[in-house]
There are 2 protein chains.
Amino acid sequence: MSQLDTVQRILDAAEVLFAERGFTETSLRTITSTAGVNLAAVNYHFGSKKELIQAVFERFLTPFTTSLDAELARLATEEEGSLQLDDLLQSLYRVALAGLASQGRDPRRFMRLLGLAYTQSQGHLRRFIVSRYGDSYRRFAGSLATALPHVDPVTFYWRLYFMLGATVFSLSSFDAIEAILREDFGAESSLEETLARLAPAAVAMLTAPVPAEGG
Amino acid sequence: MSQLDTVQRILDAAEVLFAERGFTETSLRTITSTAGVNLAAVNYHFGSKKELIQAVFERFLTPFTTSLDAELARLATEEEGSLQLDDLLQSLYRVALAGLASQGRDPRRFMRLLGLAYTQSQGHLRRFIVSRYGDSYRRFAGSLATALPHVDPVTFYWRLYFMLGATVFSLSSFDAIEAILREDFGAESSLEETLARLAPAAVAMLTAPVPAEGG
DNA sequence: CGACAATTTAAACGTTTGTTTTAACCGCCA
DNA sequence: TGGCGGTTAAAACAAACGTTTAAATTGTCG
């Protein structure tokens, strides 16, 4: 078993287990036994559990961010003026879905991990993500902002977080919500259908009329 | 120090610490030393850590649910026909804010705990909340649904989760988001202002036009 | 006061955690 | 063949965890 195999197997097992149980609830022993490698392999190849967590995020955030940046650049050269809101959101979803699916990875796991990064108070992970991918995030947010010139900046950013919360929360709990709806209405929902519902909801939220200030 | 004191002090400390760090990351030793009580007091008064977690949620979810039910009943008798969407959401926010503030508790902590209940995979807690407060939740969701007769049930419920995600996520991370916006725009946001931004965004999302089916 | 139940205390329980250590193993080049 | 870095292996490390035990203390009522 070569080095590359071991590193890969650890990352694969950790990604699944972290998404299922969270970071603290997943022990290195569970990860290494799932991966079929020795316990000490994590500390040997990654240094510590914290660095393993960061490596898991790096492996799927780097290609995602790269694709999103490329897609944004392509859009900017295609269209002359400012970008349309629909195009931007569609780019985001297309990159998230297609980019990950092409790697044979589950987008729901992706979202679940993203949700964990925000909700589990892993300070080191938050810092790692911000320092590594903050620029791309700000670039995308800036494009969205210029597509919404009539929304004041503070309101816009709050709505951006509303949107982020709606996306991360609903997609990271996709399986649980889907099971409830299936039981209550007998209707199955695919991930694509859910994104098709999420996109117009996000647009409606971002473009909602801004109530007059003065509270 | 009477029994009531000890139980109360443990609940107070646990509520704050759980909201700050999560359940697994908060040890009983941290809780008891913060509360100024003996380590064994938790197991003596609550039985186990799991039951302590449930007790923390019970203490703030029971009065909240009771108030919401009462507010809903009051609304139903006041207005004859079906309830307005605005009234329902305003009731929800008013109860959440005023009800908790009157107890001298922080609504942000409330939201942070609610977010943890969903994202941290504590199966026992999820079951506890559903079995205890599921009826009230379904009653409120039903009122919302009848206020949106032109939205098909499945779409409605997905939007409900979008809304829940937007609320829980943005309010539970309120301090962090507020700090970012203050640094970038020099604009302070109060919790009330944020709810005043969240309400119309939620309405816009719930009332957004439903795209034609057939995907 | 004396006794009995409730509560608090200190100490220890057995597990599990992340990490480190030391020896064994492997492929490769001299 | 012999040694040599890179990797794996088994074992042990100290620390932290939730929980339990048994003695000390407190409050209450006859």
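Scope of the values below: all heavy atoms of this structure, side chains included, with no hydrogens, waters or symmetry mates. In what follows, chains are A, B, ... by sequence order, proteins preceding strands, each numbered from 1.
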Is there a side-chain contact between [X] and the phosphate of [N], meaning an N or O under 4.0 Å from OP1 or OP2?
X	N	value
B:Ser48	D:dG18	no
B:Ser27	D:dA16	no
B:His45	C:dA6	no

Mind calculating the distance between [atom1] ([X]) and [atom2] ([N]) to the nearest angstrom?
X	N	atom1	atom2	result
A:Glu25	C:dG18	CD	C1'	15 Å
A:Tyr44	C:dC25	OH	C1'	13 Å
B:Lys49	D:dT20	NZ	C1'	17 Å
A:Leu28	C:dT17	CG	C1'	8 Å
A:Asn38	D:dA9	CG	C1'	5 Å
A:Leu52	C:dT17	CG	P	15 Å
A:Glu51	C:dT19	CD	P	9 Å
A:Asn43	C:dT22	CG	P	16 Å

Point-to-point distance, once rounded to the nearest 0.5 Å, from [atom1] of [X] to [atom2] of [Y]:
X	Y	atom1	atom2	value
B:Leu191	B:Asp106	CG	CG	7.5 Å
B:Arg74	B:Ser91	CZ	OG	6.5 Å
A:Phe18	A:Ile31	CZ	CD1	4.0 Å

Per atom distances to the A:Leu39 side chain, the nearest of C:dT20, C:dA10, C:dT19 is C:dT19
Report the C-alpha separation of B:Ser172 and B:Leu114 in whole Å, then their side-chain angles, then the decisive distance to 0.1 Å, and conclude whether the side chain to side chain contact (heavy atoms under 4.5 Å, CB included) test is met. CA-CA 8 Å; B:Ser172 74; B:Leu114 220 53; over 6 Å; no
Please check if the distance between the ring centroids of B:Tyr133 and B:Phe64 is under 6.0 Å.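 Ring centres of B:Phe64 and B:Tyr133 not closer than 6.0 Å.
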Return the 5'-most residue of the pair A:Arg29, A:Ala41 with respect to DNA chain D, ranking by each residue's nearest nucleotide. A:Ala41
Starting from the 5' end of DNA chain C, give me the residue, A:Ala40 or A:Thr30, whose nearest nucleotide shows up first. A:Thr30
